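For clarity, every value in this text was computed on a predicted model and none was experimentally measured. Residue numbers count from 1 along this sequence.
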Amino acid sequence: SIRFVMIDTSPFVFFYHRDPKYHEVNKQDPAKTVAFVDSVLAQSHETWKVVIGHHPIYSSDFIHGNTYGLIEQVAPLLIKYHVDFYLSGHVHKFEHLQRDGTDYMVTTTGMKPRWANPWFFARYVKRSLGFTVCSVTSHDFAFYFVNEKGKTLYSYRRKKK
């Protein structure tokens with residue numbers, strides 16, 4: 001069994017609150033998202049737990065980097081409820097980072113890849129166009145980062161007993 005929890009991460013990006021282009025974000029309450037995630041994960045008894053948001057919580061990207069609002073408010077819930085994966089995009093490259101028992105997969109590589117820089121928690125970082133394929137069973141969750149030519153650049157498998 002698997003539980004996917006999808007969240008709107010824009011209200012957690014501090015920069016957006018000061019930029020007139022993103023004025024709508026000021027109408028959103030991040031505390032409601034945190035309460036939602038907490039309530040959904042508290043009831044979760046699935047084998048796999050996956051939280052998905054547009055912005056990465058952690059990223060080695062020089063321009064966008066970490067999303068501190070998510071680090072402060074969402075990451076503690078991932079630890080508390082033993083979330084297996086946090087999936088995100090936004091930074092236009094492949095990344096796999098690990099921290100506090102959660103695998104952070106950044107899989108947005110559909111256009112203009114950005115520079116790739118290794119970071120403390122990075123297991124893999126690659127500047128490339130491509131897509132991500134996932135395979136899930138009751139005991140195995142696999143990710144494959146595939147470039148635009150169909151070549152698997154990286155694979156990762158997490159197992160459960």
S.K.: Are Val74 and Phe12 side-chain neighbours, meaning at least one heavy-atom pair lies under 4.5 Å?
M.R.: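 They are in side-chain contact.
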S.K.: Classify the side-chain pair Arg99/Tyr86 by whether it contains a donor and acceptor separated by less than 3.5 Å.
M.R.: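 Their side chains do not contain a donor-acceptor pair, so the 3.5 Å distance test is not met.
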S.K.: Strictly below 4.0 Å, N to O, side chains only: are Lys80 and Asp38 in salt-bridge contact?
M.R.: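 Judged by the 4.0 Å cut-off on N to carboxylate O distance, Lys80 and Asp38 do form a salt bridge.
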S.K.: Contact between Thr9 and Leu70 at the side-chain level, heavy atoms closer than 4.5 Å - yes or no?
M.R.: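 Of all side-chain heavy-atom pairs linking Leu70 with Thr9, at least one is under 4.5 Å.
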S.K.: Give a yes-or-no answer on whether the side chains of His96 and Tyr104 include a donor-acceptor pair shorter than 3.5 Å.
M.R.: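 The answer is no; no qualifying pair exists.
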S.K.: Heavy atoms, side chains only, cut-off 4.5 Å: are Thr67 and Ile57 in contact?
M.R.: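 Answer no - side chains too far apart.
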S.K.: Taking Lys159 first and then Asp140, would you say they form a salt bridge - that is, a charged N and a carboxylate O separated by under 4.0 Å?
M.R.: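 Result for this pair is yes, salt bridge flagged.
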S.K.: Should Tyr154 and Phe94 count as side-chain neighbours, where that means a heavy-atom distance under 4.5 Å?
M.R.: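 No, every pair of side-chain atoms sits at 4.5 Å or beyond.
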S.K.: Indicate whether any N or O donor in one side chain lies under 3.5 Å from an N or O acceptor in the other, for Gln28 and Ser10.
M.R.: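 No donor-acceptor contact under 3.5 Å links the two side chains.
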S.K.: When clusters are formed by joining ILVMFWY residues with side-chain heavy atoms under 4.5 Å apart, either directly or through shared neighbours, do Ile71 and Ile79 land in the same one?
M.R.: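 No, it is not one cluster - the side chains of Ile71 and Ile79 are not joined through contacts under 4.5 Å.
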S.K.: Please say whether the positively charged group of Arg158, taken as NZ for Lys or CZ for Arg, lies over the ring of Phe85, i.e. under 6.0 angstrom from the six-membered ring centre and within 45 degrees of the axis.
M.R.: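 So Arg158 does make the cation-pi contact.
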S.K.: Nearest 0.5 Å, what's the OG-NE2 distance between Ser88 and His55?
M.R.: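 Going from OG on Ser88 over to NE2 on His55, the span is 9.5 Å.
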S.K.: In this structure, is the centre-to-centre distance between the rings of Phe145 and Phe143 below 6.0 Å?
M.R.: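 No, the ring of Phe143 stays outside the 6.0 Å limit from the ring of Phe145, centre to centre.
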S.K.: By salt bridge (Lys or Arg N to Asp or Glu O under 4.0 Å), which residues pair with Lys32, not counting sequence neighbours?
M.R.: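 With sequence neighbours excluded, Lys32 shows a salt bridge (Lys or Arg N to Asp or Glu O under 4.0 Å) to no residue whatsoever.
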S.K.: Does Val25 sit in a hydrophobic cluster with other residues, and if so which ones, taking ILVMFWY side chains as linked at heavy-atom separations under 4.5 Å, directly or through other members?
M.R.: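 In the cluster with Val25 are Val13, Phe15, Tyr16, Tyr22.
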S.K.: Testing the basics here: between Pro56 and Gly89, what is the closest heavy-atom pair and its distance to 0.1 Å?
M.R.: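 Shortest heavy-atom contact: CD-O, 3.4 Å.
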